[in-house]
Structure formats: C-alpha cells, structure tokens
Amino acid sequence: MFNRNVMGLLLKSTILSSLFSFVVITLTVYHHFKIKNLLQKLGNRSV
C-alpha cells in the first residue's frame, strides 16, 4: 500500500511532531513555575 518514501516521511513527521509536543509541554511547565514564583514574590511583598 505505502512505498518506502511515504513510510519514511510519515516516520519523520511523527518524530518531529513528538519533539514539538515535548518542547511545548516543557515550556508550559517552565512558564507555570515562573509565574507561580512571581505570584509568591508579589504575595510576600504585600504582607
């Protein structure tokens, strides 16, 4: 059904998509902790 070129492109696309998803999740977690620390600093300053 598929030839070798199509299978190779599907594999590369899958790998790139997985890497992109990993980068997005990593940046989201980093951003979450950065904002959390910023809010803690602001909370400590007002008390």
Side-chain angles (χ1 to χ4, degrees):
M1 187 169 146
F2 292 119
N3 62 15
R4 248 181 220 277
N5 289 339
V6 173
M7 291 300 286
L9 290 174
L10 282 173
L11 182 62
K12 289 176 186 175
S13 175
T14 303
I15 291 171
L16 287 174
S17 176
S18 298
L19 288 173
F20 179 73
S21 297
F22 178 74
V23 168
V24 168
I25 290 169
T26 303
L27 289 175
T28 301
V29 170
Y30 171 74
H31 180 72
H32 168 76
F33 284 112
K34 191 170 183 180
I35 294 296
K36 185 177 174 184
N37 288 338
L38 179 63
L39 289 174
Q40 283 179 346
K41 286 180 184 178
L42 289 174
N44 290 340
R45 182 186 296 176
S46 64
V47 171

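These values consider heavy atoms only, across backbone and side chains, with no hydrogens, waters or symmetry-generated copies. Residue indices begin at 1 and follow the sequence shown.
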Can you give each donor-acceptor pair under 3.5 Å made by side-chain atoms of residues 7-26, sequence neighbours left out, with the distance rounded to 0.1 Å?
residue: Thr14; atom: OG1; partner: Leu10; partner atom: O; Å: 2.7
residue: Ser18; atom: OG; partner: Thr14; partner atom: O; Å: 3.0
residue: Ser21; atom: OG; partner: Ser17; partner atom: O; Å: 3.0
residue: Thr26; atom: OG1; partner: Phe22; partner atom: O; Å: 2.7

Determine all donor-acceptor pairs shorter than 3.5 Å in which one atom belongs to a side chain in residues 34-41; sequence neighbours excluded.
residue: Asn37; atom: ND2; partner: Phe33; partner atom: O; Å: 3.4

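Between the CG atom in Leu42 and the CZ atom in Arg45 there is a gap of 6.0 Å [rounded to 0.5 Å].
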